[in-house]
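Bear in mind the structure is a predicted one, so any value in this text is a computation, not a measurement.
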Amino acid sequence: MFKYLQREPTEEKMGIPDPEAIKQFQLLMEEVDEPLKNTFENVHQGYPDETFVRFLKARDWNVGKAHKMLVDCLQWRIDSEIDNILAKPIIPTDLYRAVRDSQLLGLSGYSKEGLPVIAVGVGLSTYDKASVNYYVQSHIQMNEYRDRVVLPSATKKYGKYIGTCVKVLDMTGLRLSALNHIKLLTVTSTIDDLNYPEKTDTYYIVNAPYIFSACWKVVKPLLQERTRKKIQVLQGCGKDELLKIMDYSSLPHFCRKQGSGSSRNSENGHTSNCFSLDHAYHQELYNLVKQQAMRMECVAPIKQGSFHVNFPDPNPDDAEIAKTIEAEFHKYGNHNGLTKSLSGLRLNGS
């Protein structure tokens, strides 16, 4: 009956959406329970077919596996109350500021094609100002804000469907001590892989230390082919190459001049450091979360404390990559370390 579930993906299916697979996926989703259908609306944001394609890509166009992946994702959302996470502020504000100062991530602008440009301070993130649960909560909130607010707004502004972003990963400041963060990064990476697949169009690596090429040769074969194709390692801060796909105003602050690293900057009285809580992106996100919380407070008071989600079991492939990274960097020692950058590259989905 379901012979199509075992079909081998063809080269055509790997690159071009298969209408038959999408139709079969749709039929399977019509049979799921109502709670799953309800949370699916928050996932697809009015574009269910495009969402089916993302999950199909993540499972090499195997409809059965993609369907299971999506159903598991929706059940995770229900069990962890993800639909309400944008009404769960990290309070007090000083705690959230500490999270932002140690988990360097933000929206710097948009590419010329309208894709959000997400900057990630891989090397200088310390993850040492709060518990793991706060960092995971913040990570998921930014995912949800991207999917429910940023991408729909970009779709409307540019007059075409925009469902992915580009990420610029700054490797400034990498140290061997980044090994201490692998557990947390594995958690967020696995959450992204399983629940937010195929949300990144391209990863641009900038300010990479000289040892990168040696370690990249070891890790690259372990990555899925579709992930390898998305990664571009740029010279220095990557400014010249990035300006081909985005305007200067969207360039992450650490790319604006050679050797600037992830330092704080301000222009016209406004911070251009998209990692900072003072940046417009984080102000808009945090204000939205507080407003949503005030509406829900009519039903139940806001409780202080982190928002706990169920951590999925790590993908065996990710675990193998983490072990390889650790082994390589113990071998090379701390020559401007690269551990954390490579763990960042394990993101197959977000």
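- Using a 4.5 Å heavy-atom threshold, the side chains of D170 and V122 count as separate.
- With F275 as the aromatic partner, R100 does not meet the cation-pi criteria of under 6.0 angstrom to the ring centre and within 45 degrees of the ring axis.
- Under the 4.5 Å side-chain criterion, counting only non-hydrogen atoms from C-beta, I245 is not in contact with K112.
- Looking at Q283, its side chain does come within 3.5 Å of a backbone N or O of L277 through a donor-acceptor pair.
- Using modelled atom types, no side-chain atom of E144 and backbone atom of D83 make a donor-acceptor pair closer than 3.5 Å.
- Between L151 and R146, some side-chain heavy-atom pair lies under the 4.5 Å cut-off.
- Side chains of V120 and V168 form no contact here, defined as non-hydrogen atoms less than 4.5 Å apart.
- Between K37 and D33, none of the side-chain N atoms (NZ, or NE/NH1/NH2) sits under 4.0 Å from a carboxylate O, so this pair counts as no salt bridge.
- Counting only distance, with no hydrogens or angles, the side chain of R77 and the backbone of V43 share no donor-acceptor pair below 3.5 Å.
- The side chain to side chain donor-acceptor pair (under 3.5 Å) analysis of residues 150-165, with sequence neighbours excluded, yields the pairs E113-K160.
- Listed for the T39 side chain is no donor-acceptor partner under 3.5 Å among the backbone atoms of L36.
- By the 4.0 Å N-to-carboxylate-O rule, K244 lies close enough to E241 to be salt-bridged with it.
- We find that K167 and D201 are not joined by a salt bridge, their nearest charged nitrogen and carboxylate oxygen being 4.0 Å or further apart.
- Inspection of the S138 and Q103 side chains reveals an N or O donor paired with an N or O acceptor under 3.5 Å.
- A donor-acceptor contact closer than 3.5 angstrom is absent between the side chains of T227 and Y203.
- Distance check: C274 SG to L105 CG gives 8.0 Å after rounding to the nearest 0.5 Å.
- Judged purely by distance below 3.5 Å, without hydrogens or angles, the side chains of H44 and D49 never pair a donor atom with an acceptor atom.
- Formation of a donor-acceptor pair under 3.5 Å by the H181 side chain with backbone atoms of Y127 is not found in this model.
- Residues H279 and N273 come closest through the heavy atom pair CB-O, 3.5 Å.
- Separating the SG atom in C255 from the CG atom in D240 is a distance of 11.0 Å, to the nearest 0.5 Å.
- Side-chain atoms of Q137 and V309, non-hydrogen and from C-beta on, never get closer than 4.5 Å to each other.
- Q141 places a side-chain N or O within 3.5 Å of a backbone atom of K88 that can act as its donor or acceptor partner.
- Using a 4.5 Å cut-off on side-chain heavy atoms (C-beta onward), K57 and V53 make contact.
- Side-chain atoms of K230 and V166, non-hydrogen and from C-beta on, never get closer than 4.5 Å to each other.
- In this structure, the side chain of Y47 does not engage the main chain of I162 through any donor-acceptor pair within 3.5 Å.
- With hydrogens and angles disregarded, no donor-acceptor distance shorter than 3.5 Å links the side chain of T172 to the backbone of G123.
- Remark: K65 does not engage D60 in a salt bridge, criterion side-chain N to carboxylate O under 4.0 Å.
- Using modelled atom types, one side-chain atom of R256 and one backbone atom of L251 make a donor-acceptor pair closer than 3.5 Å.
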Next on the checklist: Using salt bridge (Lys or Arg N to Asp or Glu O under 4.0 Å), reason through E225 and K229 one step at a time and then give a plain yes or no.
Outcome noted: CA-CA 6 Å; E225 183 180 1; K229 290 181 177 179; 3.2 Å; yes
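- Although no hydrogens or angles enter the test, the distance criterion places a donor-acceptor pair under 3.5 Å between the side chain of N62 and the main chain of G64.
- By the ring pair (Phe, Tyr, Trp, His ring centres under 6.0 Å) test, H282 pairs with no residue at all, sequence neighbours left out.
- Y145 places a side-chain heavy atom less than 4.5 Å from the side chain of L288.
- Partner of F25 under the ring-ring contact (aromatic ring centres under 6.0 Å, His included) criterion, chosen from W61, F52, F40: F52.
- Under a hydrophobic-cluster definition in which Ile, Leu, Val, Met, Phe, Trp and Tyr are linked whenever side-chain heavy atoms come within less than 4.5 Å, directly or via other members, I22 and L27 are assigned to different clusters.
- The two atoms that bring K290 and P89 nearest to each other are CG-CB, 4.3 Å, heavy atoms only.
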